[in-house]
Amino acid sequence: MSGNSTVVGGRPLDEVIRRIIADVLVIAPDAVQPGKALVQDLGAESIDFLDLVFQLEDALGFGVPYQRWQRYVAANYTGKDLAVVLTPEVIEAFAVEVMAEQALAAP
Amino acid sequence: MRERVAVTGIGVVTPIGWGYDAFGEALRAGRSGVRRIGAFDCTGMQTQIAAQVDDSTGDLLSWVEPRKAAKLMSRSALFAVAAAGMARRHAGLSRDAVDPERFGVVVGAGGMGATDLDLLMAQAQATIDSARDGASGAWDIPTFVRIFTERTNPLAPLRGLPNLAAAHVAIQHDARGPNATITTACCAGTQAIGEGLRLIQRGDADIVLAGGTDAAVNPVSVLGFSLIGALSRRNDDPAGASRPFDRARDGFVIGEGAGFVVLERESFARARQARVLAELAGYGATCDAYRITDERPDAAGATRAIELTLRDAGLTPAEVDYINAHGTGTRMNDVTETLAIKRSLGAHAAGVPVSSTKSMIGHLLAAAGAVELAATVIGMTEGFLPPTINLGEADEECDLDYVPNVARTAKPAAALSTSFGFGGQNACLGIRRW
């Protein structure tokens with residue numbers, strides 16, 4: 001997807017994100033394409049982001065509080081139409097950010 | 001002159017069949033849906049039998065649109081959505097045939113404790129782990145919080161809200177009218193349909209999807225009823241365990257499922273040339289205000305619910321051709337109910353066939369009254385009385401005609417369906433041929 005070479009559990013991060021989004025939204029993984037807005041294009045509603053962050057935690061193997069996602073959105077997308085701007089790449093970038101934080105925090 | 005209210009569609013998910021045709025055929029055949037519990041390991045439980053829905057009977061998820069909505073559905077909510085969908089299809093009610101704001105939903109729901117087996121297991125495991133990990137071996141709540149938060153998808157507890165069945169039905173049907181959930185346990189389904197009748201009579205809706213749902217075949221609910229001695233322990237003979245009015249009865253059998261009817265204002269039904277199954281003619285509801293698990297020995301509350309229904313439906317006792325009883329198969333209910341029928345119908349009681357479909361499908365709790373109303377209408381429309389199976393020798397205090405063991409050909413012009421709940425709540429519906 002993004003070409004990002006980060007690996008999670010032996011699989012490329014972008015593939016992991018695609019599978020999580022597909023599972024959360026009950027759509028085919030193929031439907032999760034770059035640039036597709038989760039809300040506007042793929043049918044996500046607010047509660048789905050809770051599910052998504054929970055599944056991301058599972059995949060990454062460390063706690064990711066929902067508030068962390070909310071802070072990320074507030075920091076990067078305040079004033080934007082979230083229904084339009086939240087795409088799989090945004091989820092991936094969030095995952096990269098929290099993984100970097102986790103790597104710094106771990107001894 | 002009050003406009004009549006028609007029953008124009010029926011949908012059911014039951015342990016003996018899904019939908020009008022299959023359920024009706026199974027009722028006529030006197031089939032039992034009671035088996036050894038398969039949903040979980042019931043080893044060591046005093047009651048190891050239940051009337052479960054066989055998921056392979058059909059595709060419940062095919063009734064959910066979009067499929068994604070099922071993520072927020074407990075098993076009982078999914079039953080409700082499927083049964084409501086079947087009822088609407090049976091009524092031949094197209095999408096654009098209803099003004100959403102005139103379309104109401106009333107659902108009997110909210111069984112004992114959580115009904116989502118996965119959530120129950122997650123909670124149990126987190127509690128066990130926190131007690132083990134904590135220093136004292138007692139329930140260490142801070143540790144439980146950590147473990148539960150790590151493991152539990154936030155959507156899971158949300159599924160347990162009792163009002164979600166009615167919410168999901170409304171979303172599926174774009175029903176923006178009055179929406180209510182009734183939680184009077186064993187009589188919730190009957191009350192939900194009665195309140196649906198009132199919605200239309202009050203002018204608050206033209207169409208109502210009314211019914212009940214429950215999916216209590218899980219360890220906590222089964223134990224809950226088992227511990228108070230309400231359940232049959234006839235584990236070696238599951239199909240014979242639910243024996244309403246029989247001398248050897250020893251309690252009820254828990255069942256799961258859902259039943260829905262489409263209720264329609266007469267003028268609305270006529271305008272769209274609906275096929276009408278029956279008239280929902282009357283409703284009566286009372287409370288014993290006596291005890292939580294004992295009924296009044298004089299059956300006063302139950303008697304009055306029946307009398308109120310007769311009056312509401314404009315029926316005399318002589319006109320009642322059939323009663324679908326609450327008939328749980330507990331020592332107490334069957335005697336008290338027999339007394340209530342005698343007190344309310346007087347001399348006519350001896351000549352009125354009374355049967356308990358719980359003998360076949362078990363006790364569907366909040367869904368019972370709705371599924372039993374459906375059975376009553378099916379019988380009236382198809383020309384038979386469902387039997388009370390497993391009636392070997394009637395209790396000496398139960399001396400009415402209970403339609404023993406075999407369905408009977410008959411064309412009832414008017415019938416009653418009774419339900420009595422833990423807590424002393426009594427409800428009854430009156431149905432007339434259209």
Side-chain angles (χ1 to χ4, degrees), chain A residues 8-9 16-33 36-73 83 86 88 91 94-95 98-99 101-102 105-106, chain B residues 55 59-75 77-78 81-82 85 116 118-123 125-126 129-130 133 141-174 176:
Chain A
V8 174
V16 170
I17 300 293
R18 183 188 314 122
R19 286 182 186 281
I20 288 175
I21 294 173
D23 182 77
V24 166
L25 301 185
V26 191
I27 56 179
D30 290 344
V32 184
Q33 292 296 327
K36 291 284 183 191
L38 267 61
V39 175
Q40 184 170 265
D41 301 327
L42 302 181
E45 55 184 274
S46 63
I47 195 101
D48 293 318
F49 289 91
L50 277 164
D51 191 357
L52 196 153
V53 171
F54 179 79
Q55 301 229 27
L56 187 63
E57 275 192 319
D58 243 18
L60 296 181
F62 55 85
V64 181
Y66 187 66
Q67 293 87 329
R68 180 70 187 87
W69 162 251
Q70 290 173 311
R71 284 203 309 275
Y72 180 82
V73 170
L86 296 182
I91 311 297
F94 172 65
V98 298
M99 286 168 76
E101 248 169 33
Q102 183 73 10
Chain B
D55 289 23
D59 181 4
L60 290 170
L61 287 173
S62 68
W63 295 96
V64 182
E65 181 58 43
R67 197 56 66 101
K68 175 169 158 296
K71 282 195 333 178
L72 282 172
M73 291 182 190
S74 62
R75 185 169 173 79
L78 182 54
V81 165
D116 187 316
D118 292 344
L119 178 63
L120 268 177
M121 286 181 176
Q123 287 173 337
Q125 195 58 54
D129 289 349
S130 69
D133 294 358
I141 293 178
T143 305
F144 170 79
V145 167
R146 178 179 55 77
I147 294 172
F148 191 70
T149 305
E150 274 168 22
R151 293 186 193 168
T152 306
N153 189 309
L155 272 53
L158 189 55
R159 283 202 289 271
L161 279 174
N163 60 307
L164 253 52
H168 279 297
V169 169
I171 291 169
Q172 291 293 312
H173 295 273
D174 196 19
R176 304 187 198 187

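So that the names make sense, note that chain A is the first sequence line, chain B the second, and so on, each numbered from 1. Reckoned from all heavy atoms, side chains included, excluding hydrogens, waters and symmetry mates.
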Quiz item: With sequence neighbours left out, what residues match B:Asp133 under salt bridge (Lys or Arg N to Asp or Glu O under 4.0 Å)?
Solution: none

Practice problem: Only counting residues at least two apart or in another chain, list the ones meeting side-chain hydrogen bond (donor to acceptor under 3.5 Å, both in side chains) with B:Asn163. | Solution: none

Quiz item: B:Ser130: what forms a side-chain hydrogen bond (donor to acceptor under 3.5 Å, both in side chains) with it, not counting sequence neighbours?
Solution: none

Write out the donor-acceptor pairs between chain B and chain A under 3.5 angstrom, atom names and distance to 0.1.
from: B:Lys68; atom 1: NZ; to: A:Glu45; atom 2: OE2; distance (Å): 3.4
from: B:Lys68; atom 1: NZ; to: A:Asp48; atom 2: OD2; distance (Å): 2.8
from: B:Lys71; atom 1: NZ; to: A:Val24; atom 2: O; distance (Å): 2.5
from: B:Lys71; atom 1: NZ; to: A:Asp48; atom 2: OD1; distance (Å): 3.2
from: B:Lys71; atom 1: NZ; to: A:Asp51; atom 2: OD2; distance (Å): 2.7
from: B:Asn153; atom 1: ND2; to: A:Asp51; atom 2: OD1; distance (Å): 2.7

Quiz item: Side chain, backbone, both or neither: which part of A:Val24 has a non-hydrogen atom closer than 4.5 Å to chain B?
Solution: both

